[in-house]
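Below: one structure, written as structure tokens.
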Amino acid sequence: QVQLVESGGGLVQAEDSLRLSCAASGRTIRRQTMGWFRRVLGKEREFVAATNWNDGAAYYADSVKGRFTISRDNAENTVYLQMNSLKPEDTAVYYCAARNPYSRGTTRASTDYNYWGRGTQVTVSS
């Protein structure tokens, strides 16, 4: 089992930056694909970004491509989401997620992720 705890959310203005962190415990995430999702109240949870465990490739939703960067520090057992040029439409609760170890292929489907954090709120004012 792996436990995930997000941090770094907050209230910012449009065009500001934030860096979210996802600290994992209970097991190393070295062999796990990690993702970030977000949910606006009343809407479905949506994919934001993911990074493969095996080749380090990163994938992004079109809405954040060029503005957000996902990275991982396996030594620290932590995944990050650097968010630049934030927009009001980025306002959501952001969740960190992990797939089972050794799962192949990056997926944007939340149902393919097996472990979830409790989320951190990001609010972007215009």
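Source: prediction; values computed, not measured. In what follows, every heavy atom counts, from backbone to side chain, and hydrogens, waters and symmetry copies are set aside.
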**Message:** Let's go through Leu4 and Met34 carefully: what are the C-alpha distance in whole Å and the side-chain angles of both, what is the deciding distance for side chain to side chain contact (heavy atoms under 4.5 Å, CB included) to 0.1 Å, and is it a yes or a no?
**Reply:** CA-CA 11 Å; Leu4 305 173; Met34 303 296 295; 4.0 Å; yes
Given the rule in the side chain to side chain contact (heavy atoms under 4.5 Å, CB included) test, do Ile29 and Arg72 qualify, once you have shown the distances and angles that lead to the verdict? CA-CA 9 Å; Ile29 61 171; Arg72 63 195 301 159; 4.0 Å; yes
Would you check, one step at a time, whether the test side-chain hydrogen bond (donor to acceptor under 3.5 Å, both in side chains) holds for Thr123 with Gln121? CA-CA 6 Å; Thr123 303; Gln121 176 72 46; 3.3 Å; yes
- Begin with the C-alpha distance, continue with both residues' side-chain angles, and end with the deciding distance and a verdict on side chain to side chain contact (heavy atoms under 4.5 Å, CB included) for Phe68 and Val48. CA-CA 9 Å; Phe68 291 11; Val48 176; 3.7 Å; yes
- Any chance you could lay out the side chain to side chain contact (heavy atoms under 4.5 Å, CB included) test for Tyr115 and Gln1, step after step, and finish with the verdict? CA-CA 8 Å; Tyr115 304 95; Gln1 293 284 345; 3.2 Å; yes
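Considering every non-hydrogen atom in both Ser17 and Ser85, the closest pair reads OG-N, 4.3 Å. Nearest heavy-atom pair across Val40 and Ala92 is CG2-CB, 4.0 Å. Of all heavy-atom pairs spanning Ser25 and Asn77, the tightest one is N-ND2, 4.3 Å. Nearest heavy atom pair, residue Pro88 against residue Ala14, reads CD-CB, 4.2 Å. The nearest pair of heavy atoms linking Arg38 to Ser63 is NH2-OG, 3.5 Å.
You'll find the side chain of Trp36 reaches within 4.5 Å of the side chain of Cys96, heavy atoms only. Within the 4.5 Å cutoff, the side chain of Tyr59 has no heavy atoms near those of the Ile70 side chain. Between Thr107 and Tyr113, some side-chain heavy-atom pair lies under the 4.5 Å cut-off. Between Asp90 and Val122 there is no side-chain heavy-atom pair separated by less than 4.5 Å. Side-chain contact check for Gln32 versus Asn100: every heavy-atom pair is 4.5 Å or farther apart. A 4.5 Å side-chain heavy-atom check between Arg27 and Pro101 finds at least one atom pair inside the cut-off. Side-chain contact between Tyr95 and Arg118 is absent, with no heavy-atom pair separated by less than 4.5 Å. The closest side-chain heavy-atom distance from Tyr94 to Leu81 is below 4.5 Å.
There is no path of hydrophobic side-chain contacts, each under 4.5 Å, that joins Val5 to Trp116. Hydrophobic cluster membership differs between Leu18 and Val93, with clusters built from Ile, Leu, Val, Met, Phe, Trp and Tyr side chains linked at under 4.5 angstrom. Two different hydrophobic clusters hold Trp53 and Val2 under the rule that ILVMFWY side chains link at heavy-atom gaps under 4.5 Å.
Here the CG atom belonging to Asn114 is positioned 7.0 Å from the CZ atom belonging to Arg99, to the nearest 0.5 angstrom. Summarising the geometry, atom CZ belonging to Arg19 is positioned 11.5 Å from atom CG belonging to Asn84; distances are rounded to the nearest 0.5 Å. Separation of atoms CG (Leu20) and OG1 (Thr78) is listed at 12.5 Å; rounding is to 0.5 Å. Arg31 contributes atom CZ, which lies 13.0 Å from atom OG of Ser103 (distance to the nearest 0.5 angstrom).
Look at Lys65 and Asp62 and you find a salt bridge, because one of the NZ, NE, NH1 or NH2 atoms lies within 4.0 Å of a carboxylate O, short of that distance.
Less than 6.0 angstrom separates the ring centroid of Phe47 from the ring centroid of Phe37.
The closest donor-acceptor contact from the side chain of Thr51 to the backbone of Ser71 lies at 3.5 Å or more, if one exists at all.
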